[in-house]
Amino acid sequence: MQLTHLLPAAVLGAGLVQTGVFPVPDTPYRVQWTSSELVDHARPDPFNSSHPRRIMISRFTPIPARDCLQTCRVPYMTPLMASHEDAVITAFLARGNISWPRGVLASLELEVCCKVLRRSSSSSKNNNARSFGVGLKSSVPRGTVLVGTGLNTTRLMYSASAQNLAAGMGYDVVVMDHPYETDAVQFPDGSVIYGGRVPRDPNATEALAHALDVRSQDAALVLDYLGIGQGCGERVGFAGDSFGGPAAADVMLKDRRVGAGVNVDGMMFGPAVNVGVARPFLSLGSPGHNSTSDETWARFRDATTANNSRVWHKELSLAGSVHGILSDFGLIGDVAGLRDSGELVGSLFGKITGARTIEILKEYLSDFFEFALKGKGQGLLAGPSQKYPELIFV
Ligand SMILES: *[C@@H]1O[C@H](CO)[C@@H](O)[C@H](O)[C@H]1NC(C)=O
Ligand SMILES: *[C@@H]1O[C@H](CO)[C@@H](O)[C@H](O)[C@H]1NC(C)=O
Ligand SMILES: *[C@@H]1O[C@H](CO)[C@@H](O)[C@H](O)[C@H]1NC(C)=O
Ligand SMILES: *[C@@H]1O[C@H](CO)[C@@H](O)[C@H](O)[C@H]1NC(C)=O
Ligand SMILES: *[C@@H]1O[C@H](CO)[C@@H](O)[C@H](O)[C@H]1NC(C)=O
Ligand SMILES: *[C@@H]1O[C@H](CO)[C@@H](O)[C@H](O)[C@H]1NC(C)=O
């Protein structure tokens with residue numbers, strides 16, 4: 001496995017026109033952002049056998065605030081990716097005759113920790129593996145959560161959410177691109193692999209199951225890279241948005257290291273639909289998307305509970321949300337000042353603000369992973385809370 005590191009953006013944007021910086025999460029942590037290319041020399045690319053499988057990941061690592069010596073504002077996306085994603089969003093919205101202001105993505109920035117006191121740097125494998133050791137409860141990060149993206153959607157569209165989750169939970173949060181499926185993946189050498197090879201057709205079940213299997217192997221590559229060996233047990237969480245939801249279940253079937261999964265509003269596909277999973281699983285839907293309206297959710301739930309009588313499975317619904325709950329769209333709406341557009345709110349952002357959504361996700365995912373991976377109580381997952389009335393237990 002060959003590793004190439006790069007800083008996501010070498011502070012390119014300084015001095016240019018600036019419309020928005022995502023708010024820095026107000027927690028005891030600052031967050032470091034690194035992008036890496038991982039190459040799996042043992043595996044020909046399943047979509048293009050002329051080269052080994054290579055993927056890109058974004059890693060968001062919480063740093064205790066006192067150990068972060070400097071924060072920097074870095075571009076949310078490279079110019080190439082920003083203009084590509086502008087075009088993708090424009091095409092998506094055009095179907096509803098809604099327009100998207102071009103250039104928004106290119107003008108956004110994240111404020112991340114760019115200089116870390118050496119002792120809390122966690123870029124070495126050993127350091128990460130060690131954070132799971134007994135008696136090191138206060139070590140940072142407290143654990144690892146992989147984030148699965150929507151079908152044909154860049155990992156870069158999840159950076160602000162991932163930064164917030166890392167800062168809110170104290171976990172390393174790693175978002176993955178899956179080349180040839182992800183709409184566009186830009187590598188450190190500037191080359192780009194365009195996606196769309198996996199059909200956006202719910203009836204193409206074999207192609208979708210294959211895409212999930214590729215994602216599961218990509219996730220295994222990431223865990224190997226992070227130094228999380230098979231012997232580490234069920235220590236990693238997986239939260240997936242849309243197609244990332246069935247990816248969470250798929251990897252749980254195939255990789256013991258993933259001990260807990262979250263499906264955020266995704267229709268289920270792959271073998272897990274009929275077999276279920278044997279470890280804790282949470283499904284969170286937008287209004288009306290639940291096991292009554294989506295038979296894949298019902299089948300997955302029934303298989304999970306029938307085959308594993310003691311497994312924990314719950315279903316939640318987030319009022320005011322739209323599809324893409326785990327993505328950055330809600331936060332982009334807040335930061336770019338686009339919430340005046342009822343059409344954009346209805347189709348892309350949701351009535352609930354991005355700030356409120358990420359607040360809720362932070363609290364509920366943190367409690368879920370602490371419960372499922374560390375044996376704590378259910379916390380907020382025990383039942384409805386007056387503090388979070390938007391979160392409905394289905
Ligand atoms: C496969 O990858 C090679 C580079 O290794 C590239 O030149 C070629 O265009 C790719 N083919 C497809 C079908 O994407
Ligand atoms: C799309 O919006 C434009 C401008 O508001 C309007 O003129 C046009 O009739 C709309 N087209 C459709 C198909 O709704
Ligand atoms: C994937 O996204 C690209 C835009 O990058 C689009 O042209 C293509 O139609 C999409 N493919 C699928 C299968 O959704
Ligand atoms: C999927 O298949 C069902 C039954 O064969 C059909 O009714 C439905 O229209 C198909 N959906 C798509 C998106 O092709
Ligand atoms: C579940 O979905 C059905 C059908 O869309 C809807 O009528 C019902 O209100 C939903 N339940 C919840 C708790 O959201
Ligand atoms: C899981 O449960 C389903 C019924 O929901 C059953 O058809 C299937 O055979 C079971 N699979 C295993 C591996 O037990």
Side-chain angles (χ1 to χ4, degrees), residues 2 4 37-56 80 84 92 95 150-152 154 177-211 214 218 242-243 245-246 262-270 273-274 281-302 313-325 346 350-352 356-357 360-361 364 380-386 388-394:
Q2 176 194 307
T4 313
E37 176 183 1
L38 311 185
V39 182
D40 191 346
H41 287 286
R43 183 167 51 126
D45 193 296
F47 298 102
N48 185 340
S49 60
S50 77
H51 61 79
R53 182 66 170 167
R54 55 176 185 148
I55 68 170
M56 287 299 298
L80 179 142
H84 185 81
F92 169 75
R95 290 187 260 152
L151 187 70
N152 206 18
T154 171
D177 270 341
H178 306 283
Y180 295 105
E181 180 220 297
T182 302
D183 56 357
V185 183
Q186 189 175 25
F187 290 89
D189 65 3
S191 62
V192 180
I193 292 180
Y194 290 98
R197 298 288 177 86
V198 177
R200 189 177 283 280
D201 171 2
N203 287 342
T205 49
E206 271 180 42
L208 293 166
H210 176 252
V214 172
D218 290 348
S242 193
F243 196 57
V262 183
N263 169 19
V264 184
D265 214 28
M267 193 174 176
M268 297 301 284
F269 295 101
V273 182
N274 295 316
F281 201 89
L282 177 67
S283 299
L284 168 65
S286 57
H289 187 192
N290 56 48
S291 51
T292 305
S293 57
D294 183 338
E295 65 90 19
T296 67
W297 281 36
R299 258 197 292 155
F300 172 73
R301 178 203 55 205
D302 292 347
H313 175 275
K314 282 194 183 179
E315 200 177 309
L316 306 175
S317 175
L318 181 60
S321 66
V322 294
H323 194 61
I325 295 169
K351 284 202 179 82
I352 184 169
R356 181 65 177 166
T357 297
I360 289 173
L361 287 174
Y364 280 79
L380 286 166
L381 278 310
S385 159
Q386 287 184 348
Y388 304 102
E390 305 97 320
L391 226 273
I392 298 153
F393 284 69
V394 180

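Order of listing sets the numbers, starting from 1, for every ligand and every atom in it. Throughout, residue positions are numbered sequentially from 1 according to the sequence presented. All values derive from a computational prediction rather than experimental measurement.
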Begin from the C-alpha positions of Arg356 and Tyr388 and carry the test side-chain contact (heavy atoms from CB on, under 4.5 Å) through to its verdict.
-> CA-CA 10 Å; Arg356 181 65 177 166; Tyr388 304 102; 3.6 Å; yes
Intermediate values then yes/no, salt bridge (Lys or Arg N to Asp or Glu O under 4.0 Å), Arg301 and Asp294 = CA-CA 11 Å; Arg301 178 203 55 205; Asp294 183 338; over 6 Å; no
List the steps and the verdict of side-chain contact (heavy atoms from CB on, under 4.5 Å) for Asp177 and Ile55.
-> CA-CA 6 Å; Asp177 270 341; Ile55 68 170; 5.7 Å; no
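Remark: His51 pairs with Tyr180 by the side-chain hydrogen bond (donor to acceptor under 3.5 Å, both in side chains) rule, at least two apart or across chains.
Annotation for ligand 1: atoms under 4.0 Å from non-hydrogen atoms of Tyr180 are 1 (C), 2 (O), 14 (O). Atoms of ligand 4 lying under 4.0 Å from any heavy atom of Asn203, numbered from 1 in the order shown and given with element: 1 (C), 2 (O), 3 (C), 8 (C), 10 (C), 11 (N), 12 (C), 14 (O). Of all atoms in ligand 1, listed by their number and element, those nearer than 4.0 Å to a heavy atom of Arg197 are 12 (C), 13 (C), 14 (O).
In terms of heavy-atom proximity, Met267 sits nearest to His289 at N-CE1, 4.1 Å. Minimum interatomic distance between Arg54 and Pro179 (heavy atoms only, all atoms of both residues): O-CG, 3.1 Å.
Paired with Pro46 under the rule side chain to side chain contact (heavy atoms under 4.5 Å, CB included), one option of Arg197, Glu181, Arg53 passes, and it is Arg53.
Ordered by chain and residue number, the residues placing a heavy atom less than 4.0 Å from ligand 5 are Gly288, Asn290, Ser293, Ser317, Val394.
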